[in-house]
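The block underneath contains the structure these notes are about, expressed in C-alpha cells.
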There are 2 protein chains.
Amino acid sequence: MPRPTIDDVASLAGVSIKTVSRVVNREPNVREVTRDKVEKAIAELHYSPNPSARNLASHRARLIVLVYDDPGAYQAPSAGYIINMQQGALKACRTAGFELLIHPCNYRNRNVGKDLQELIGRVRPAGIIVAAPLSNMPKIVNAIKATKAPCVRLSTGSGNGKEYSVATNDREVSAEMTRFLASLGHRHIAFIKGNKRHKAVSNRFDGYRDGLKQAGLEYSESIVADGDNSIGSGEECAEKLLRRPDRPTAIFCANDDMAAGVLRVATRLGIDVPGQLSIAGCDDISLAQQLYPALTTIRQPLSAMAATASLALVDGARGNPPKPKLETIPGSIQVRESTGPAPK
Amino acid sequence: MPRPTIDDVASLAGVSIKTVSRVVNREPNVREVTRDKVEKAIAELHYSPNPSARNLASHRARLIVLVYDDPGAYQAPSAGYIINMQQGALKACRTAGFELLIHPCNYRNRNVGKDLQELIGRVRPAGIIVAAPLSNMPKIVNAIKATKAPCVRLSTGSGNGKEYSVATNDREVSAEMTRFLASLGHRHIAFIKGNKRHKAVSNRFDGYRDGLKQAGLEYSESIVADGDNSIGSGEECAEKLLRRPDRPTAIFCANDDMAAGVLRVATRLGIDVPGQLSIAGCDDISLAQQLYPALTTIRQPLSAMAATASLALVDGARGNPPKPKLETIPGSIQVRESTGPAPK
DNA sequence: TTGTACGCGTTATCAC
DNA sequence: GTGATAACGCGTACAA
C-alpha cells in the first residue's frame, strides 16, 4: 500500500488540497470545523507530507545544516563538544519536524568555501548553524553569506548588532571562576590562553583579568601562558608554569583539553591535585568527568545554544526571522575534584 | 540568477532532457558524441541536479540514515565512538554525492520503533546503518526491516548468512591482546565483561579465553568480573578484583570506559600503572590517549566499518545490492603506556 | 473562507 | 539511440 497523499486526505475530508495544505502548514483562514475534519482525516490515514515534494515546490528544504570544524583535524575541538551541539540542534529540529545535516569541514582546506556553497545550493537548507571557531573565520562566513541562506553563528565573541547570533557569557563566568579560586585562598592564579582565532576563548582571558581585579589580586604576565587548545599545548604550558620558583597554586585554562594536559604533567611530576595545585578548565566536555581527579570547569551550554540557533532558523523559515541581537545563554561553574583550598 | 535546470542543459546541448538524464545517471544507450555534448553543457552551466526533484520522481532520497544509541542516555557509548562512525559514513557519502542524516535514539523509549518507521517513511533514505548495540536489538531491527528499506547492521557479533553486515574481528584480536599481556609475563590476567546485549562485546570475552589457552594459561572464573560498559562499573569491578589476595597483575576490559574506571581506582589506591598493574581496553576512543598513563587498547575500525556500510548502501541504491555476508574489518592493538612487564 | 490550475525539476514509459 | 509526455506530491497565484 502506497503512502497517502494530500489528495487522499482532501477527498476523505471532503475539501480541496489547498485546504489540507493550509491545515498542515498552520496557515490562517481556515474555519475551526474544517480544520477538525481535515485533522481527523490526516490522523485516520496516518498522513505526513512528502518532504521532497514540499521542498521542490517551496524551493527550500525542511533541513538545517550544522557546520563545524572537522574533529579529525589538528587542534580540533573534542568529540564531546560536537556531540553536545548535535544533541541540542537535533532536539530542536525534531520537535519542529526538521532534519539535521551535519557538515564537519576543515578550514585549512582551500575549497571549504566553495564546498559549502555547493552544499547549500544543492540541498537548499532552511538555515545554517556555524560553530566556533569557524564562526569567526571570514573565509567561511563570507562564503555562506554570499549564498543568502539564513545563518546563525555560534560563539562569535561579540555581536555586531547587525545579525542574530548565539553565545554564552564567557567573560562573566570566567571572572566568576577566577573569584572562586581566589575565595579558596589562591593568590597565584595562572592562566593558559587558547586559540586566538576563537574569540569566545579569548573572552575568557578578559574574564580572568576581571576576576583578578574583582578579587583584589594583581595581574602578572609572567604566569600567563599561550596554548592552542590542544592537550599537548596544555602540557607544554604546565611544564613552563610549574617550573617557576613562585609556582602558581592554581591554573585556570581556557579549555578542558589544556586542563587535561596540565593534569597529566602534574601527575607525572608527583604534584598532588588539588592538594598542592588546583586546576580549572572550560567547556565541560565529557572528558572532564572521566579524569581523575574530575575537573572543575565551566559548563558551556552548547546544547542549549545549538537548540536556540536551530529554533531561530526554524522560525525564520516560517516567516518570523529573529531580530538582530546577540542571544546570550549563561554558562555555569561545575565544581568537582580538581580544585581545593590553597596550600599553606 | 536561478540555478540551471535540466531543460537549460538540454537546450544548450541541443538534445532532449531524457538524454541529459541518461548522461547524468550514467545510463547506457547514449552515443559517445552525444554524451560529450551534454557533459560540456553541464560543465558550462555548472549544472547539478535538484535533489528534491530527483527524490520526488524516484521515490528515494540520496540520503543515508545513521542510527545509534543516544549518548545522552544511560550506559551510552562515548562521544568518540559516535564521532568516528560519523566520520567514516560521511566520507563515503560525500564521495558518492549522498548526504548523511544522523539519528540518535534511546532504545529504552517505548516509541523507538514507531519513530524510526516514521522517519524512514518520511525521508525515504537510500539506506540505514544501525550501530551496536542497537544492531542487536530485535525491537529496533524488526521495526526497520518492516519498512523494507535497505539496512546494514554494524557489529552484530555473528552473521546469519542471510544478510550483508559489517563487523570487526573482535574475538581474534582480543585473543591477540591476551597473548600480548601473557608475553609481558603476566600470568594472572583478569577480564571485565561488558554489556551482554552487545554481542560484539561478549565476543571479546571468548577471545580472552582463546588467548589464555593459546598462551598456556589457565582460565579462572574468580578473576572475571561483570561490568556494564560504564566507567562506574569499571570502578566497581576493579575494587573487587584488586582486593583479592591473589591480585591480578593485568586487567583486560571489554571497553575503554571500564578501563578508565579501573585506572581511576588504581590511581586512588596508589597502585602504579603499569609498574604494578597493566590495564588494557577496547575501542580506542579518544579518551584512551588523553588518560595518564595513556591506555593500551584495541583500535576498532569504526570509521572504516561505517564507510564500508555506507558504500554498500550506495551501491545498493545504484542497483548493485551487496551479497549476503559478514564483512569483517580487522582491528589492531595499540600499545601505549598502561601496559608493561609483570611485576616480580 | 475555500478551491482551481499550474509550476517546481526530475524520472520513467513508451513510441519512434 | 533518442525524444515527447506523463507522473511524482505539494505550494501558490488567482479566482470564486
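All chains are named by letter (A, B, ...) in the order of the sequence lines, taking the proteins before the strands, and each is independently numbered beginning at 1. Just so you know, these numbers come straight off a predicted model, no measurement behind them.
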Going by atom types only, do Arg318(B) and Asn25(B) share a side-chain donor-acceptor pair under 3.5 Å? no
Gap between atoms CD1 and C1', on Ile6(B) and dC8(C) respectively (whole Å): 13 Å
Has Thr19(B) got a side-chain N or O lying under 4.0 Å from the OP1 or OP2 atom of dT2(D)? no
Shortest side-chain distance from Tyr47(A), nucleotide among dG11(D), dC10(D), dT11(C): dC10(D)
Expressed in angstrom and rounded to an integer, what is the separation of Arg35(B) atom CZ from dG1(D) atom P? 11 Å
Return no unless some side-chain N or O of Thr34(B) is found under 4.0 Å from OP1 or OP2 of dT2(D). yes
Can you name the nearest heavy-atom pair linking Arg153(B) to Asn136(B), along with the distance? NH1-CA, 4.4 Å
Just how far, in rounded Å, is P of dT13(C) from CD of Glu27(B)? 10 Å
Side-chain N or O of Ser21(B) less than 4.0 angstrom from OP1 or OP2 on dT11(C)? yes
Rounded to whole Å, please give me the gap between CZ in Arg318(B) and C1' in dT11(C). 16 Å
Starting from C1' on dC8(C), measure out to CG on Leu56(A) and report it in whole angstrom. 4 Å
With a 4.0 Å cutoff (strictly under), does any side-chain N or O of Asn50(B) reach OP1 or OP2 of dG9(C)? no
Side chain of Thr5(A) only, heavy atoms from C-beta on: which candidate in dG1(D), dT5(D), dC10(D) is closest? dC10(D)
side-chain N/O Arg31(B) vs dT2(D) OP1/OP2, d < 4.0 Å: yes
Interatomic distance where CZ belongs to Arg60(B) and C1' belongs to dG9(C) [whole Å]: 20 Å
Between the base of dA12(C) and the side chain of Lys18(B), is there a donor and acceptor pair under 3.5 angstrom? yes
Inspect the contact between Glu32(A) and Lys37(A) and indicate whether a charged nitrogen and a carboxylate oxygen are less than 4.0 angstrom apart. no
Check whether any side-chain N or O of Arg22(B) sits under 4.0 Å from OP1 or OP2 of dT2(D), and answer yes or no. no
Given DNA chain D, 5'-ward residue of the pair Ala53(B) and Gly14(B), judged by closest heavy atom: Gly14(B)
Of the listed nucleotides (dT2(D), dC10(D), dG9(D)), which one gets closest to any side-chain atom of His59(B)? dG9(D)
Could you pull out the closest heavy-atom pair between Cys105(B) and Asp69(B), with the gap in Å? O-OD1, 3.2 Å
Nearest-angstrom distance from the residue atom CG of Asn25(B) to C1' of dG9(C): 13 Å
Counting the atoms with a prime plus P, OP1 and OP2 as sugar-phosphate, which does Val30(A) contact under 4.0 Å by heavy atoms, base, sugar-phosphate, or nothing? sugar-phosphate
Once side chain to side chain donor-acceptor pair (under 3.5 Å) is applied, what residue pairs with a partner in residues 111-125 of chain A remain, sequence neighbours excluded? Glu118(A)-Arg122(A), Arg122(A)-Glu99(B)
Please check if atom NZ in Lys139(B) has more than 12 non-hydrogen atoms from other residues, nucleotides or ligands closer than 6.0 Å. yes
Using OP1 and OP2 only, check whether a side-chain N or O of Ser16(A) sits under 4.0 Å from dG3(C). yes
Measure the distance from CG on Asn55(B) to P on dG9(D) and round it to the nearest whole Å. 13 Å
May I ask you to say what Val15(A) touches in the nucleic acid, namely base, sugar-phosphate or nothing, with a heavy-atom cut-off under 4.0 Å? sugar-phosphate
